[in-house]
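None of the values given here were measured: they were computed from a predicted structure. These numbers come from the heavy atoms of this one structure, side chains and all, not from hydrogens, waters or symmetry mates. As the structure lists them, so they are numbered: ligands from 1, and atoms in each ligand from 1.
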Amino acid sequence: MSQISAKDASAASGQDPIITMRNVEKHYGNFHALRDINLDVARGEVIAIIGPSGSGKSTLIRCINHLETISSGTITVDGVTVKEGKNLALVRAEVGMVFQQFNLFPHMSVLRNVAIAPMRVRGISKAEAETRARQLLDRVGLSAHVDKYPDQLSGGQQQRVAIARALAMEPLVLLFDEPTSALDPEMVGEVLDVMQSLAASGVTMLVVTHEMGFARRVADRVVFMEAGRIIEQNAPEALFDTPQTERAQAFLSAIQHGA
Ligand code: ADP
């Protein structure tokens, strides 16, 4: 198996990894969804998680902010163990999540959608939260839409609001769960462009995606999963051009041939 160690990257920068996953197992009833997952995410690293449907990609990232509970093993975020109790608020404050369905608050304006969490969770004043929200909405190209409501926006615009909303909490890491899968094809590019610019500005990101072009262009590391396991991981060119395992080869070749 090819290995690029995020630990090495962290050691080189003199910093601990933001996320560590050690021997993580996850069961849904009798179904074994994650098997012995070991993964470190270094500060500023962008990781794309790819693999067949049902291989556990979404489960893996949902375990990081405890949307799913692991069966055994350990996950830490910035040194804090992910588990029920007081740790959870600490972890959730540091982990932003962007879902396939944008999950915006339909009864709130775009501006309020972005400003609300820092006001409620961090106790920031409305004026300050809204100033910051305007900056973030500008960053995702939505300055002209701050006073609209989610249903007045296209899917691509709504997903960009969701990204701004996640950034508003100034998280240490952003998790993306197939952020472009629910979008009409013509809107995929605008969302990927925003994600690419975040990556370029040093945001740490873990992205479950079917967008192989994006993974190749933007990721520092691509992780290939199948049947609940990390089968192979490597820099994008190496993983896409010279996959080491038969399973990664079969998956990539099936995608290339539109299977
Ligand atoms: P992927 O993101 O790679 O498509 P998922 O992590 O969504 O895979 O799912 C992995 C497996 O776990 C799938 O077989 C799925 O059916 C199963 N699974 C996911 N969520 C649940 C759940 N809440 N209850 C039972 N099984 C689940």
Among all the protein's non-hydrogen atoms, which is closest to [atom], and how far away is it?
{"atom": "atom 3 (O) of ligand 1", "value": "Lys57 NZ, 2.8 Å"}
{"atom": "atom 19 (C) of ligand 1", "value": "Tyr28 CE1, 3.4 Å"}
{"atom": "atom 2 (O) of ligand 1", "value": "Ser58 N, 2.8 Å"}
{"atom": "atom 9 (O) of ligand 1", "value": "Thr59 OG1, 3.8 Å"}
{"atom": "atom 12 (O) of ligand 1", "value": "Phe31 CE2, 3.3 Å"}

(message) I'd like to know if the side chain of Thr204 and the backbone of Gly44 have a donor-acceptor N/O pair within less than 3.5 Å.
(response) yes
(message) Strictly distance-based, threshold 3.5 Å: is any side-chain N or O of Gln244 a donor or acceptor partner for the main-chain N or O of Thr242?
(response)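 Indeed, once roles are kept as given, a pair shorter than 3.5 Å links the two residues.
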I'd like to check whether [X] has a polar contact with ligand 1, where a contact means an N/O of the residue lying under 3.5 Å from an N/O of the ligand.
{"X": "Gly56", "value": "yes"}
{"X": "Glu68", "value": "no"}
{"X": "Gly54", "value": "yes"}

(request) Check whether Leu183 and Val98 end up in the same hydrophobic cluster, where Ile, Leu, Val, Met, Phe, Trp and Tyr are linked by side-chain heavy atoms less than 4.5 Å apart. (result)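 Same cluster.
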(message) If hydrophobic clusters are built from ILVMFWY residues whose side chains come within less than 4.5 Å, do Met225 and Ile19 share one?
(response) yes
(request) Report, in ascending order of atom number, the atoms of ligand 1 lying under 4.0 Å from any heavy atom of Pro52. (result)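 Contacts of ligand 1 toward Pro52, numbered from 1: 3 (O).
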(message) Using a 4.0 Å cutoff against the non-hydrogen atoms of Ser55, which atoms of ligand 1 qualify?
(response)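 Once the distances to Ser55 are compared, the set is 1 (P), 3 (O), 8 (O).
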